[in-house]
Colleague: 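I'd like to ask you about the structure that follows.
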Amino acid sequence: MSIQNSTTGEVLRSYSIDELKEQANLMRGYDLVALCAAGSGHAGGTLSIMDIAAALYLRVADHDPKNPNWADRDRIVWSTGHKAPSLYLGLAFAGFCPKEDVALLRKLYSSYQGHPHWLKLPGVEVSTGSLGQGLSIAVGIALAGKLNQKNHRVFCIMGDGEQQEGQIWEAAMEAGHYKLDNLVGIVDRNRLQIDGWVKDVMNVEPLEEKYRSFGWEVLTINGHDMKEVVEALEKAKAGCGKPTVIIADTVKGKGVSFMENIAGWHGKTPNLEELNKSLKELGLEGQIPVEQLFAHARQYQAEVERKLDAKMPKFHRNYWWNSTENMKVQMKPTRLGFGQSLAANGDDPRVVCFGLDISGSITISEFYANKPERKSRWISMGIAEQSATSAAAGLAKEGKLPVFGTYATFAAARNLDQIRTSVCYGNFNVLIAGAHGGVSVGPDGATHQALEDLFAMCGLPNMNVVVPCDIVETRKATDYLLLKHVGPKYIRFAREATPIVTDEKTPFVFGKANVIRLRREGTNFIEAFETKLESEHGDEGEDLTIIACGPMVPEAMRAAWILKQDFGYETRVLNLHTLKPLDTGAIVRAARDTSVVLTAEEHQIGAVAWPVSSAITQEPSLYGTPVITGAIGVKDRFGDSGAPWELIKEFEVSAEHIAAKAVELMGVKKSRAGELVSEGHLVGTK
Ligand SMILES: Cc1ncc(C[n+]2csc(CCOP(=O)(O)OP(=O)(O)O)c2C)c(N)n1
C-alpha cells in the first residue's frame, strides 16, 4: 500500500526493491550534504539506518503526504532522535516536504531541528532526543490503537547502544504483557555507540534472547539487504499475536569507506572535501544539486542573522566579544577545566569515574587518558543514567569518591528521583557533572539544552550546587568539590568556548561570592576588571548590581562595560558561582548598597532570580527598603536548534540584553529618587 491518497485509497507511488536501493543511496547523499551545510550532526547512524528508512517511508508504511494526520496512517517513532536527518529524508522522499529544505537542518527557527520535534514538521510523530523513551511512547500509541479498534501499525526505530536504557526494557515488558501485535520495534544494530563498541561500553547481547523472553517475535536481518528489509517489515506489519522486533545488522557510516565502523564518525559531519569524496564513493557525483542546496542554506541563514540583529539592543558602539581593538578576550570551553581537574586529582585511590557514553566530549575521559594505572577505577556504565546514579551512591557508601557526568539534562533530570532518593536522602558523597549546560549544545536543540536542571538540583536537600564562570574556575571548583567537599554535589558547565575572565590568582571560595568591578578599558578584557571576595569589598557607591553565575558572568561583565561607557553607570557584578549554599550576605549587601539588583542566568528564569529575590525580601534589615529588581534568563520556553551564540541572542541573555534591562531599572531608580526629592524627603539615592 504505502504512499497513498487517504481519501480515495489510490496508491500514489510504489517502489520496486531496485528503486528502493536507488532512493536509499540518494537519501544518503542528501543526508551528507545537509550535515555538511549544518556543520554538526550525526553521520554514522544516519547512514546505517537509511535503507530501513527508505523501505519504511517509501513502501511499507501506509501514509498520505497530503494528509499527515490521517487517522489510519501507520505511525513511525524515532526513539533514536539523533538520526533525525534520515527521518526528514524519509518524509521528503515520500513527498511530505521539499527535499531541498532538509538543507536547513539544525538552523535557528528551522522545522528541521537537530532532534525531531513533531510540533514543527508535519509527518514527525513525536519529539525525541533523550534516548530510551520512544518505545514507551510507541507502546502508548499501540495501546490507543487497540482501544480505538484501529488497524494501523506503530514502528519504533531504536539504536543498539540505546538498548542500555532501562526504560526500553520496561516498555518491552509492557508490549509483551499486552501482546501488542500492532507494534514493531526496529533495532539498528551497528555495534557502535559514542564511546566505542557496544560490547565494550556495556554489552546488550544476546538481544534476540532478551526480546524473546519478554514475549516478542524476533526477526534478525541484514539491514542493508533491501529485499530482506522489506520482507521483514512486511512480515512484522502483518502481525502474529505479539509484538515483533526486527534486529537489523548494519554498518555505522554505511556507504562511505572512511566512515564505516569508525566510532569517531558518530557525531561528526563531513567537510567539503570529505563530502565530495563521499558523493563520489556513493556514485552520486552530479546527481544532487549540491550548490543549490548550499545556497538555500546560506540564504536561510542570512535571514536568521537579520532577524537576530533586529532583536539586539543597540548602543553607541559595538561591544560584542573581540569586535573592538581593545578589551580582547581569550575563549575556551569550560568543560576542559573539569577534565584538567580529574587528570590532576585522579591519583587519589578513592576517586572512581563512571562513563555514560559521552566521555570524550565532556572530558571525563581525561581521568584515565595516558594513565593506565587508573583504568580499574574507570567504569563504563553505558547509556544508563538512572542506574549509574544509584550505583554511584553505592560506591560512595563504601567510601569511594564517585564522579559521573553527561549532558546536564541527562545528568540531573532523567535521573532526578535517583539523585533525590539514592544520593541526597542518603547524603552520599557523589560528584555529578552537568555538562553542556544552558544553550551550549546549540544545534542539538531543545532536548539537549539543559535549561531547568538548576531548579531540580537547588531544590534538593543536602545538595550543593556550583556553576563556575570559565575554564579556570571550573578546574578550581572541581578540585574543591572532588577532594574537599563531602556530600552530594552538582557542578554545571558549558560546552561552547566562553570568555576566560579569571586566572590563578582570582579567589574561589566555595559558598562565597566574588565581586567584579570594571576599573578601566584596557587591551585585555580580563585586566580591565578587579575581582575580590565579596567579603573583602567595601561599598564603592555603585549604581546597580548584576548577579550572575556560569557563562553569564562574562556577559554581566561586558554589560558593566557597556553601562559605564554609554551611560556612566558603575556596576557591581557578583559572581555567584555557588548557588547552594547561597551567599545571602553578599546579596543583601548588594541590595542595600545599590538598591538595584538584576540577575542573569542561562537557564529558565528563577534558578538565580528567585533565591536572590527571596534573600532580599526575607532580610529583616531590608524590610521597607525599596529594592528594584529585574531578571534576565530564558522566559518559560523550550530551546531551539541554532549556534550557541545565536541562541544567546535569541533567548535574550546577551550582555546587550542585560545592559538594556539595567538601563530600564536605573530609569525607575532615578524617577523614584526624583519623586522622593519633590515630596521633600531626604534621600541618598543617586
Ligand atoms: C538519555 C540520553 N543519554 C545520552 C544521550 C547522548 N547520546 C546521543 S547518541 C548516543 C549513542 C547512541 O548509540 P546507539 O543507540 O548505538 O546509536 P547509533 O550508534 O546507531 O548512532 C548517546 C549516548 C542521549 N541523547 N540521551
Colleague: Please identify each residue that fulfils side-chain contact (heavy atoms from CB on, under 4.5 Å) with Lys254, with sequence neighbours left out.
Modeller: Arg28, His224, Val251, Glu260
Colleague: Taking the six-membered ring of Tyr300, is the NZ or CZ of Lys107 close enough (under 6.0 Å from the centre) and on axis enough (within 45°)?
Modeller: no
Colleague: Nearest heavy-atom pair of Lys375 and Tyr368: which atoms, and what distance?
Modeller: NZ-CE1, 3.6 Å
Colleague: Who pairs with Ser6 by side-chain hydrogen bond (donor to acceptor under 3.5 Å, both in side chains), at least two apart in sequence or on another chain?
Modeller: Asp64, Asn67
Colleague: Which residues pass the side-chain contact (heavy atoms from CB on, under 4.5 Å) test with Phe96, not counting sequence neighbours?
Modeller: His63, Pro65, Pro68, Leu91, Ala94
Colleague: Around atom NZ of Lys227, are there more than 12 heavy atoms of other residues, nucleotides or ligands at under 6.0 Å?
Modeller: no
Colleague: Quick one: closest heavy-atom pair of Glu162 and Ile157, and the distance?
Modeller: OE1-O, 4.5 Å
Colleague: Would one find more than 12 heavy atoms of other residues, nucleotides or ligands at under 6.0 Å from atom NZ of Lys66?
Modeller: no
Colleague: Find out whether Trp70 and Gln4 are in side-chain contact, i.e. whether some heavy atom of one side chain is under 4.5 Å from a heavy atom of the other.
Modeller: yes
Colleague: On a heavy-atom basis, which atom in Met381 and which in Ala391 lie closest, and how many Å separate them?
Modeller: CE-CB, 3.7 Å
Colleague: Within the structure provided, determine whether Trp216 and Leu183 are in side-chain contact (heavy-atom separation under 4.5 Å).
Modeller: yes
Colleague: Do you know which two heavy atoms are closest between Ala412 and Ile419, and how far apart they sit?
Modeller: CA-CD1, 3.9 Å
Colleague: Write down the atom of Ala92, the atom of Val102, and the distance for their closest heavy-atom approach.
Modeller: CB-CG2, 4.1 Å
Colleague: Going by the angle between their ring planes, with limits at 30° and 60°, are Tyr88 and Tyr112 parallel, tilted or perpendicular?
Modeller: perpendicular
Colleague: Could you please spell out the steps behind the side chain to side chain contact (heavy atoms under 4.5 Å, CB included) verdict for Leu233 and Ile186?
Modeller: CA-CA 9 Å; Leu233 286 169; Ile186 300 164; 3.8 Å; yes
Colleague: Count the heavy atoms belonging to other residues, nucleotides or ligands that lie under 6.0 Å from CD of Gln287, then report whether that count exceeds 12.
Modeller: yes
Colleague: Of all the heavy-atom pairs spanning Gly134 and Ser79, show the shortest one and how long it is.
Modeller: N-OG, 3.0 Å
Colleague: Measure the shortest side-chain to side-chain distance between Pro270 and Met259 over non-hydrogen atoms and say whether it is less than 4.5 angstrom.
Modeller: yes
Colleague: Do the side chains of Trp265 and Val256 get nearer than 4.5 Å, heavy atoms only?
Modeller: no
Colleague: In chain order, what residues pass the ring-ring contact (aromatic ring centres under 6.0 Å, His included) check against Phe93, with sequence neighbours excluded?
Modeller: Tyr30
Colleague: For a side-chain hydrogen bond (donor to acceptor under 3.5 Å, both in side chains) check, start with the C-alpha distance between Thr406 and Glu385, then their side-chain angles and the critical distance, and finish with the verdict.
Modeller: CA-CA 8 Å; Thr406 173; Glu385 296 84 0; 4.6 Å; no
Colleague: With sequence neighbours excluded, tell me which residues meet side-chain contact (heavy atoms from CB on, under 4.5 Å) with Ala37.
Modeller: Phe294, Ala297
Colleague: Go through the structure and list residues passing side-chain contact (heavy atoms from CB on, under 4.5 Å) with Pro443, not counting sequence neighbours.
Modeller: Ser40, Arg106, Pro644
Colleague: Show me the donor-acceptor pairs, under 3.5 Å and distance only, between side chains in residues 17-25 and residues at least two apart or in other chains.
Modeller:
unit_1 : atom_1 : unit_2 : atom_2 : d
Glu19  : OE1    : Ser16  : N      : 2.9
Glu19  : OE1    : Ser16  : OG     : 3.4
Asn25  : ND2    : Leu282 : O      : 2.8

Colleague: Which atom pairs, donor and acceptor, lie under 3.5 Å between side-chain atoms of residues 113-124 and protein residues at least two apart or in another chain?
Modeller:
unit_1 : atom_1 : unit_2 : atom_2 : d
Gln113 : OE1    : Ser641 : N      : 2.9
Gln113 : OE1    : Ser641 : OG     : 3.4
Gln113 : NE2    : Ser110 : O      : 2.9
Gln113 : NE2    : Asp640 : OD1    : 2.7
His115 : ND1    : Asp444 : O      : 2.8
His117 : ND1    : Ser127 : OG     : 2.7
Lys120 : NZ     : Asp640 : OD2    : 3.2

Colleague: For the CD atom on Glu209, are there more than 12 heavy atoms of other groups (residues, nucleotides or ligands in this structure) within a distance under 6.0 Å?
Modeller: no
Colleague: Restricting to side-chain hydrogen bond (donor to acceptor under 3.5 Å, both in side chains), what partner residues turn up for Thr244, sequence neighbours left out?
Modeller: none
Colleague: Checking Thr447 now: which residues fulfil side-chain hydrogen bond (donor to acceptor under 3.5 Å, both in side chains) with it, not counting sequence neighbours?
Modeller: none
Colleague: Look at atom OH of Tyr109 and say whether more than 12 heavy atoms of other residues, nucleotides or ligands are closer to it than 6.0 Å.
Modeller: yes
Colleague: Does any non-hydrogen side-chain atom of Thr409 lie less than 4.5 Å from one of Asp453?
Modeller: no
Colleague: Does Asn370, at its CG atom, have more than 12 non-hydrogen atoms belonging to other residues, nucleotides or ligands within less than 6.0 Å?
Modeller: no
Colleague: Specify whether Trp169 and Tyr211 have parallel, tilted or perpendicular ring planes, treating 30° as the upper limit for parallel and 60° as the lower limit for perpendicular.
Modeller: tilted
Colleague: What pairs of donor and acceptor atoms, side-chain ones from residues 193-208 against any protein atom, are under 3.5 angstrom apart with sequence neighbours left out?
Modeller:
unit_1 : atom_1 : unit_2 : atom_2 : d
Gln193 : OE1    : Gln164 : NE2    : 2.7
Gln193 : NE2    : Gln164 : OE1    : 3.0
Gln193 : NE2    : Asp357 : OD2    : 2.8
Asp195 : OD1    : Ser359 : N      : 3.2
Asp195 : OD2    : Asp357 : N      : 3.4
Asp195 : OD2    : Ser359 : OG     : 2.6
Asn203 : OD1    : Glu205 : N      : 3.2
Glu205 : OE1    : Arg189 : NH1    : 3.1
Glu205 : OE1    : Leu207 : N      : 2.8
Glu205 : OE2    : Arg189 : NH1    : 3.1
Glu208 : OE1    : Arg189 : NH1    : 3.2
Glu208 : OE2    : Arg189 : NH2    : 3.0
Glu208 : OE2    : Thr220 : OG1    : 2.7

Colleague: Check whether Phe367 forms a cation-pi arrangement with Arg374 (NZ or CZ under 6.0 Å from the six-membered ring centre, at most 45° off the ring normal).
Modeller: yes
Colleague: Can you tell me which residue among Arg75, Lys237, Arg153, Lys150 is in a salt bridge (charged side-chain N to carboxylate O under 4.0 Å, His left out) with Asp62?
Modeller: Lys237
Colleague: Establish, yes or no, whether a centroid distance under 6.0 Å links the rings of His448 and Phe410.
Modeller: yes
Colleague: Testing the 3.5 Å rule here: is there a donor-acceptor pair between the side chains of Ser136 and Gln167?
Modeller: yes
Colleague: Going by side-chain hydrogen bond (donor to acceptor under 3.5 Å, both in side chains), name the residues that satisfy it together with Gln133, two or more places apart in sequence or in a different chain.
Modeller: Ser130
Colleague: Is the count of non-hydrogen atoms from other residues, nucleotides or ligands lying under 6.0 Å from Lys235 atom NZ greater than 12?
Modeller: no
